[in-house]
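Right, one structure below, let's go through it.
Just so it is clear, the model here is predicted, and its values are computed rather than measured. Reckoned from all heavy atoms, side chains included, excluding hydrogens, waters and symmetry mates.
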Amino acid sequence: EGPLPVVLMALGRSGSSITWGTVARMTGYPNIAYEVTGQTQNKTIAFFDSIDPTVGSHWASERVCEIQHRAVGKVEKGNGIVGFQWKP
C-alpha cells in the first residue's frame with residue numbers, strides 16, 4: 001500500500017542525494033534517503049557492530065519496511081519511493 005521500497009547504493013560523493021531527491025519528486029513523494037549505515041568508515045563499522053545477531057542480514061529489509069510503513073497514507077497507492085542510502 002505504500003511507496004516502492006528502494007536502497008540506493010553509491011560510492012563516495014557521487015550525487016546520490018540529488019539523484020534520490022529527483023527520483024522521489026518524479027514518483028510523487030518527495031523525501032530524503034539518509035545514509036543509515038554511516039557517513040564515515042568508523043560510523044559504518046559501529047553501525048554493523050551494533051546489529052543484533054538475531055537480526056543479522058535482515059536489517060536492511062526491516063529498515064526499508066519500517067520506512068515504507070511510515071509513508072502509508074501519505075501518498076496514493078503505487079506512487080513514490082522510500083528507503084535509504086548505503087555507501088559501502
Side-chain angles (χ1 to χ4, degrees):
E1 293 183 23
L4 179 69
V6 175
V7 176
L8 177 61
M9 296 185 80
L11 295 175
R13 306 210 38 88
S14 60
S16 56
S17 295
I18 291 172
T19 300
W20 180 275
T22 301
V23 173
R25 281 190 303 279
M26 290 174 62
T27 59
Y29 183 55
N31 65 85
I32 297 170
Y34 294 99
E35 294 177 40
V36 299
T37 57
Q39 298 162 331
T40 67
Q41 183 176 6
N42 289 338
K43 289 180 181 180
T44 300
I45 291 168
F47 173 83
F48 284 104
D49 285 346
S50 72
I51 295 173
D52 183 336
T54 61
V55 174
S57 62
H58 297 283
W59 71 268
S61 59
E62 288 185 7
R63 179 63 65 107
V64 170
C65 286
E66 175 188 318
I67 297 168
Q68 186 181 34
H69 180 73
R70 285 188 300 218
V72 170
K74 295 181 181 178
V75 296
E76 291 183 32
K77 185 176 181 178
N79 287 353
I81 60 171
V82 293
F84 60 88
Q85 293 186 51
W86 184 358
K87 297 182 179 181

Evaluate the criterion side-chain contact (heavy atoms from CB on, under 4.5 Å) for residue pair Asn79 and Tyr29; output intermediate values, then yes/no.
-> CA-CA 7 Å; Asn79 287 353; Tyr29 183 55; 5.9 Å; no

What are the two closest non-hydrogen atoms of [X] and [Y], and how far apart are they?
X     : Y     : result
Pro5  : Gln68 : CD-NE2, 3.5 Å
Gly83 : Ile67 : O-CD1, 3.6 Å
Ala33 : Gln85 : O-NE2, 2.9 Å

By side-chain hydrogen bond (donor to acceptor under 3.5 Å, both in side chains), Glu35 pairs with (sequence neighbours left out) Lys87

Phe84 meets the ring pair (Phe, Tyr, Trp, His ring centres under 6.0 Å) criterion, sequence neighbours left out, with Trp59

Taken to the nearest 0.5 Å, the spacing of Ile51 CD1 from His58 NE2 works out to 11.5 Å

Mark yes when over 12 heavy atoms from residues, nucleotides or ligands other than Phe48 sit less than 6.0 Å from its CZ; otherwise mark no. yes

Practice problem: Check the surroundings of atom CD in Gln41: do more than 12 heavy atoms from other residues, nucleotides or ligands lie under 6.0 Å from it? | Solution: no

So salt bridge (charged side-chain N to carboxylate O under 4.0 Å, His left out) across residues 14-34, not counting sequence neighbours, yields none

Using a 4.5 Å side-chain heavy-atom cut-off and chaining through intermediate ILVMFWY residues, the residues clustered with Val23 come out as Leu4, Val6, Leu8, Trp20, Ile81

Residues at least two apart in sequence or cross-chain that pass side chain to side chain contact (heavy atoms under 4.5 Å, CB included) with Glu66, listed by chain then number, are Arg70

The complete set of side chain to side chain donor-acceptor pair (under 3.5 Å) pairs with one or both residues in residues 42-52, sequence neighbours excluded, reads Asp52-Thr54

Check the hydrophobic clustering (I, L, V, M, F, W, Y; side-chain heavy atoms under 4.5 Å; chains of links allowed) and say if Met9 and Val82 are grouped together. yes

| task | Under the side-chain contact (heavy atoms from CB on, under 4.5 Å) rule, what do Glu62 and Cys65 come out as? Steps first, then yes or no, please. | result | CA-CA 5 Å; Glu62 288 185 7; Cys65 286; 5.8 Å; no

